[in-house]
Amino acid sequence: MTYALIDANNFYVSAERIFRPSLEGIPVVVLSNNDGCCVARSNEAKALGIKMADPWFKVKHFNESHGLVGLSANFELYGDISDRIASITAGYGHRQEIYSIDESFIDLTGIRGDLVERGFKLRSRILQWVGVPCCIGIGETKTLAKLANHIAKTSERKPGSYPRNLAQVCNLSTLSPEEKEYLFARTEVNDIWGIGRQISQQLQALNVKTVQDFMRLSSSLVRAHWGVVVERTHRELHGTSCITLDEAPAPRQEIACTRSFGRPVTDLDTLREAISTFATTAAQKIRKQGSYTTRLMVFIRTSPFRKHDEQYSRAITIPLRRPTADTHYIAQAALAGLSQIYLKGYNYAKAGVHLLELQSTATSQGELDLDNDPQDRTTLMTAMDTLNDRYGKGTIGIASAGIRKGTWHMKQERRTPAYTTRWEDMPIVRA
DNA sequence: TCTGGGGTCCTAGGACCC
DNA sequence: TCTGGGGTCCTAGGACCC
């Protein structure tokens, strides 16, 4: 097999730069909800030592010292840009898996010709048509394609880390065993797709520091220590394809809406409003997917970062009497759950609603649904979704869900002027 | 003062059944 | 006194991903 991974560089930052060329060459971060954490960093921001998920208040001093710019995220825009890139990328091979908002795997098996040259052409096409720089990694398995992509990106960003000719597009599948050994010995074990913080710490303790060290472990030892998932990763690094390309991912098995609050929340009324809103959003999401939920989970928690606060974290799952996608029903169930877990006297920092056990029909398994459920209501809900899609979120809602605006505070003012250009207004350059 | 929001899969352990 | 064993289902928690 031969796979490619095409990955946009610093995607959210690159997407913002399309419309604001003045952001080019300066340190930029894109911030999460409440402008809380850095979720994307430009190369210049990475060079300042800013890490993924660093809180804004800890890095904003770079604003005065180095001109760091913090932008509130604009996920609708990123979704549009992502679709554009994915449709161009699809032409690179016969099959595509859209893996995340900024990544696609492409099956290149059996494609003749110089894959690196084709990769560079694809890359410049995306840059020219959309304006986002990408890197491409190619390998015999998805894990190796990921690793190749890491090498392509790192050798561009940190000259000298790897041979220069591997920058931007890196094909591991045509390298000799010696060349690969050389690269794997210079790559840290935690850069492997599937090896996260915990496992890489355990590996370090066993003096396994590089990809090469890890590959030299026996499969059986890897399996015994870390289970079948990590063993699969180990096999993939050795060139045995275990993770298949998934062109049409199954519908989501669970859908959630959770938020951190802009400031601590203590009273039940405010929490009820928040939970109603989350339930409403989550219900919209499952209707969009055409699913019904049969169980939901509500949670509330204090902030683990406020060390002097008394900590409290609880979740409850509520079985539903029948599969449903009805906002009102879901919100009521969520509120009933909330009332069971709420305790007075804590500073709540985060809450959420998860809809679980999603299924594609409104009928319980093996049961004829004679209940008065509510084709009518579903139709009403769908009409509501259409209006909200067309005229903006929150145009219309369910009064009984208890949604009132402005009491619980989530989104602060944007730190930079609101971004107004819509995708349709964007200049399109054709080659 | 201020610390994201989604998802997936696997495993261990308890309850229950025969 | 001696107190089975295997299968299934469920849940919680832990690990990973972006």
Side-chain angles (χ1 to χ4, degrees), chain A residues 5 7-8 10-12 29-41 50-61 70 72-73 75 78-79 82 97-105 142-143 146 149-150 189-203 223-233 242-243 246 249-264 278 281-282 285-286 289 294-295 297 299 301-309 313-319 347 349-358 409-413 415:
Chain A
L5 179 73
D7 184 331
N10 316 327
F11 180 54
Y12 299 161
V29 293
V30 172
L31 302 168
S32 63
N33 175 48
N34 290 322
D35 293 336
C37 286
C38 303
V39 291
R41 306 154 292 152
I50 298 173
K51 300 274 179 279
M52 187 65 172
D54 271 356
W56 170 245
F57 72 87
K58 280 192 181 166
V59 302
K60 68 179 174 193
H61 64 90
S72 301
F75 291 106
Y78 310 150
S82 170
E97 172 185 346
I98 297 170
Y99 178 67
S100 76
I101 193 161
D102 69 332
E103 289 169 83
S104 282
F105 284 104
K142 287 168 83 174
T143 304
K146 269 276 194 186
N149 187 280
H150 169 80
V189 74
N190 59 303
D191 291 324
I192 299 169
W193 186 43
I195 305 294
R197 226 182 58 237
Q198 300 298 323
I199 293 171
S200 71
Q201 258 176 29
Q202 294 161 21
L203 287 165
R223 181 174 190 147
H225 270 72
W226 299 285
V228 293
V229 178
V230 178
E231 189 202 8
R232 199 150 56 209
T233 296
C242 308
I243 306 172
D246 199 358
R252 299 250 170 268
Q253 299 173 37
E254 48 183 87
I255 281 176
C257 181
T258 72
R259 289 289 180 280
S260 296
F261 303 127
R263 59 178 76 115
F278 301 157
T281 303
K285 288 193 201 173
I286 63 167
Q289 173 177 296
T294 56
R295 219 158 51 105
M297 189 265 275
F299 75 89
R301 57 173 301 173
T302 54
S303 168
F305 299 107
R306 293 167 67 109
K307 302 278 186 222
H308 302 300
D309 276 16
S313 171
R314 242 197 107 184
I316 187 170
T317 68
I318 313 270
N347 286 319
K350 186 171 180 175
V353 174
H354 287 246
L355 304 184
L356 311 168
E357 282 171 21
L358 302 185
H409 179 93
M410 239 173 48
K411 199 79 181 169
Q412 293 168 2
E413 273 175 43
R415 292 184 189 280

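Order of the sequence lines sets the chain letters (A, B, ...), proteins ahead of strands, with each chain counted from 1.
Within 4.0 Å of A:Asp54, counting heavy atoms only, lies no atom of the nucleic acid at all. In this structure, A:Val230 reaches neither bases nor backbone, as no heavy-atom distance under 4.0 Å exists between it and the strands shown. Base engagement by A:Val39 is indicated by at least one non-hydrogen atom pair under 4.0 Å involving a base atom. Here A:Ile192 lies in heavy-atom contact (under 4.0 Å) with sugar-phosphate atoms only. Within 4.0 Å of A:Trp226, counting heavy atoms only, lies no atom of the nucleic acid at all. Among the protein residues, A:Cys38 comes within range of no part of the nucleic acid, since none of its heavy atoms lies under 4.0 Å from any strand. Note on A:Ile101: nothing from the nucleic acid sits closer than 4.0 angstrom, heavy atoms only. Using a 4.0 Å heavy-atom cutoff across all strands shown, A:Lys285 reaches sugar-phosphate atoms only and no base atom.
Taking the C1' atom of each, C:dG4 and B:dC17 are spaced 14 Å apart, rounded to whole Å.
Close approach of DNA chain C to chain A, defined as any atom under 4.0 Å from a non-hydrogen atom of the protein, starts and stops at C:dT11 to C:dC18.
With a 4.5 Å cut-off on side-chain heavy atoms, A:Tyr78 and A:Val30 count as touching.
Nearest-nucleotide positions on DNA chain B for A:Gln253 and A:Ser303 put A:Ser303 closer to the 5' end. Of the two residues contacting DNA chain B, namely A:Ala349 and A:Pro251, the nearest-nucleotide position lying further toward the 5' end is that of A:Ala349.
Ring pair A:Phe105/A:Tyr99 is perpendicular by interplanar angle, where above 60° counts as perpendicular and below 30° as parallel. Relative orientation of the A:Tyr12 and A:Phe75 rings is perpendicular, given thresholds of 30° and 60° on the angle between their planes.
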Response to the item:
Taking Watson-Crick and G-U wobble contacts under 3.5 angstrom, with | marking pairs to another strand and [ ] crossing pairs, the secondary structure of DNA chain B is written ....||||||||||||||

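Between the side chain of A:Ser32 and the main chain of A:Cys37, a donor-acceptor pair closer than 3.5 Å is present. A:Lys350 places no side-chain N or O within 3.5 Å of a backbone atom of A:Thr258 that could act as its donor or acceptor partner. A donor-acceptor pair under 3.5 Å is formed between the side chain of A:Asn149 and the backbone N or O of A:Leu5.
When the ring-ring contact (aromatic ring centres under 6.0 Å, His included) test is applied to A:Phe57, no partner is found at least two apart in sequence or on another chain.
Each of A:Gln198, A:Gln202, A:Glu231 was checked for a side-chain hydrogen bond (donor to acceptor under 3.5 Å, both in side chains) with A:Trp226, and the lone residue meeting it is A:Gln202.
Between atom CZ of residue A:Arg295 and atom CD1 of residue A:Ile318 there is a gap of 10.5 Å, rounded to the nearest 0.5 Å.
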